[in-house]
Amino acid sequence: MEPLMGPIRWGIAGTGRIATAFTTDFMKLGDGEIGAVGSRSQDSADAFAAAHGIARAHGSYHDLAVDPDLDIIYVGGLHIVHAAQAVEFMEAGKHVLVEKPLALNVVEVDRMLAAARANDRFLMEAMWMRFNPVHVEAMRRLEEGAIGEIRRVVADFSLALPYDPDHRLLDRDKGGGALLDLGVYPLNLAWWALGAPDEIHHVGHVGTTGVDDEISLMCRWSSGASALLTCGLRLSGAMTARIEGTEGVAEFPVPAHACDSITLRRGHEIEEITGDSPGLRHQAAEVHRCLRAGETESPRMPWATSRAVIKRFDTIRAALRVHYSADH
């Protein structure tokens with residue numbers, strides 16, 4: 001892939017909550033520009049463009065894909081559109097940042113990876129926790145042995161969602177469920193700390209709408225290290241995380257995936273890791289670094305890890321009999 005020179009020009013696919021959050025935080029980066037937004041309707045695209053000072057508004061995703069003045073597109077729609085949109089954009093010559101989860105299942109992920117390779121395009125899952133400065137610094141310290149050998153990870157992302165069968169998280173036709181939307185954070189944290197688990201065992205509950213609304217994962221590594229990871233839509237969980245080592249512990253306060261400080265405890269010694277505030281702009285900064293270096297994937301969120309996580313989720317969903325139309 002040829003390195004990109006000059007300002008990097010973004011398009012935004014989608015006008016919902018996460019697209020709004022990404023666009024708002026991107027403006028704080030001071031690098032690159034958002035040149036266009038695309039939506040299923042012209043009215044929605046026009047309103048989004050007006051709200052954020054974006055020059056061009058496209059009333060279809062195809063028009064966004066063929067916009068000649070864009071380098072990369074952020075895919076911020078529902079999980080069910082991630083694969084199809086990403087493939088279309090890459091085949092049109094665009095690089096792509098896809099909101100997590102990368103796709104609904106590993107078959108879709110493989111289609112996306114094939115498109116990235118065939119078109120020599122950059123592709124990354126927008127797992128923004130992996131790019132927040134305090135998380136990056138904390139994990140660097142842990143890799144250096146700040147708490148000794150890591151032996152256990154305990155993490156939760158559970159919230160009490162008011163029951164609404166049409167809510168995207170409870171609607172199977174919209175790719176709903178706790179695992180893909182929330183559980184991806186605790187598992188990524190454990191994966192980041194210890195690498196790919198050798199075993200993942202689970203228990204879970206499937207709600208009346210047919211999606212997983214409560215999941216507990218027990219992970220094991222050949223070293224004997226373990227992780228207890230929970231997520232859910234029916235209860236208010238701790239929303240915190242702990243990485244425990246032989247000489248200390250790293251504590252991630254609420255919300256663990258987006259906290260602005262992390263505490264290292266070694267006996268009576270306490271150290272607070274702080275830094276630039278969390279936000280979606282940090283992943284955009286990594287995208288810019290990769291594009292200017294001519295890299296098709298980021299070492300912080302490599303394709304193999306994104307694929308492996310989704311493949312594990314496929315196995316868990318199959319056991320729970322949570323099926324999406326894309327699985328068939």
Side-chain angles (χ1 to χ4, degrees), residues 8 10 12 17-32 72 74-76 97-102 122-144 146-147 150 153-159 180-195 227 229 231 237-245 249-265 270-291 295 297-303 305-306 309:
I8 294 173
W10 288 75
I12 305 295
R17 181 187 60 82
I18 191 64
T20 298
F22 178 85
T23 301
T24 301
D25 208 54
F26 180 90
M27 301 300 187
K28 302 175 184 177
L29 186 58
D31 180 22
I72 180 165
Y74 169 72
V75 177
L97 174 66
V98 183
E99 184 52 47
K100 61 82 194 164
L102 188 60
F122 175 85
L123 171 67
M124 190 178 86
E125 180 180 18
M127 180 56 58
W128 63 296
M129 176 187 69
R130 284 182 175 253
F131 304 96
N132 283 326
V134 293
H135 289 77
V136 172
E137 176 60 16
M139 297 308 293
R140 185 190 69 79
R141 296 291 304 280
L142 298 192
E143 288 172 6
E144 291 180 346
I147 61 171
I150 296 173
V153 178
V154 180
D156 173 76
F157 196 161
S158 300
L159 49 86
L180 284 178
D181 205 83
L182 306 180
V184 69
Y185 288 111
L187 183 56
N188 258 273
L189 183 65
W191 207 294
W192 196 359
L194 289 162
L229 314 172
C231 63
M239 300 275 288
T240 60
R242 289 170 57 91
I243 299 179
E244 302 170 350
V249 60
E251 299 175 338
F252 299 68
V254 178
H257 72 291
C259 54
D260 58 9
S261 67
I262 294 169
T263 302
L264 299 183
R265 297 181 185 274
I270 299 175
E271 179 184 355
E272 201 82 7
I273 296 177
T274 59
D276 195 4
S277 62
L280 303 178
R281 66 191 179 280
H282 301 299
Q283 62 191 350
E286 170 65 3
V287 170
H288 289 179
R289 187 200 66 76
C290 291
L291 293 180
E295 300 174 2
E297 62 180 303
S298 167
R300 290 197 191 175
M301 193 67 249
W303 294 349
T305 299
S306 293
V309 169

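Everything numeric in this text was worked out from a predicted model, so none of it was measured.
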Within the side chain of [X], is there an N or O that forms a donor-acceptor pair under 3.5 Å with the backbone of [Y]?
| X | Y | value |
| --- | --- | --- |
| H135 | I262 | no |
| D25 | A21 | no |
| E125 | S306 | no |

- Item | Test side chain to side chain contact (heavy atoms under 4.5 Å, CB included) applied to A190 - qualifying residues, sequence neighbours left out | V153, W221, A227, L229

Separation of [Y] [atom2] from [X] [atom1] (nearest 0.5 Å):
| X | Y | atom1 | atom2 | answer |
| --- | --- | --- | --- | --- |
| L264 | L142 | CG | CG | 6.5 Å |
| L187 | F157 | CG | CZ | 14.0 Å |
| C231 | L180 | SG | CG | 9.5 Å |
| L182 | D156 | CG | CG | 9.0 Å |

- Could you walk me through whether F22 and L97 pass the side-chain contact (heavy atoms from CB on, under 4.5 Å) test, one step at a time? CA-CA 11 Å; F22 178 85; L97 174 66; 3.8 Å; yes

Heavy-atom side-chain proximity of [X] to [Y] below 4.5 angstrom:
| X | Y | value |
| --- | --- | --- |
| F26 | I12 | no |
| E286 | P299 | yes |
| R300 | M127 | no |
| M301 | W128 | no |
| I18 | Y74 | yes |
| H257 | P186 | no |
| F131 | M124 | yes |
| V309 | K100 | no |

- Could you tell me which residues satisfy salt bridge (Lys or Arg N to Asp or Glu O under 4.0 Å) with R141, sequence neighbours excluded, listed by chain and number? E271

Mind listing the closest non-hydrogen atom pair of [X] and [Y] along with its distance?
| X | Y | value |
| --- | --- | --- |
| E99 | G76 | CB-CA, 4.3 Å |
| W192 | M129 | CZ3-O, 3.8 Å |
| C259 | V134 | O-CG2, 3.3 Å |
| F122 | S298 | CE1-N, 4.0 Å |
| A258 | P278 | O-CG, 3.2 Å |
| A238 | V254 | O-CG2, 3.3 Å |

- Item | Candidate pair N132 and D260, rule side-chain contact (heavy atoms from CB on, under 4.5 Å), full reasoning | CA-CA 9 Å; N132 283 326; D260 58 9; over 6 Å; no

- Message: Under the side-chain contact (heavy atoms from CB on, under 4.5 Å) test against M239, which residue among S158, P255, P253 passes?
- Response: P255

- What residue among V249, L194, L189 forms side-chain contact (heavy atoms from CB on, under 4.5 Å) with I243? L189

- Could you walk me through whether L29 and H288 pass the side-chain contact (heavy atoms from CB on, under 4.5 Å) test, one step at a time? CA-CA 11 Å; L29 186 58; H288 289 179; 3.8 Å; yes

- E137 and R140 ion-paired at < 4.0 Å: yes

- Message: Using the rule given for salt bridge (Lys or Arg N to Asp or Glu O under 4.0 Å), can you reason through R281 versus D276, listing the C-alpha separation, both sets of side-chain angles and the distance that settles it, and then say yes or no?
- Response: CA-CA 11 Å; R281 66 191 179 280; D276 195 4; 3.2 Å; yes

- Query: Are I270 and T263 close enough, and set up right, to give a side-chain contact (heavy atoms from CB on, under 4.5 Å), and what steps lead you there?
  - Reply: CA-CA 7 Å; I270 299 175; T263 302; 3.6 Å; yes

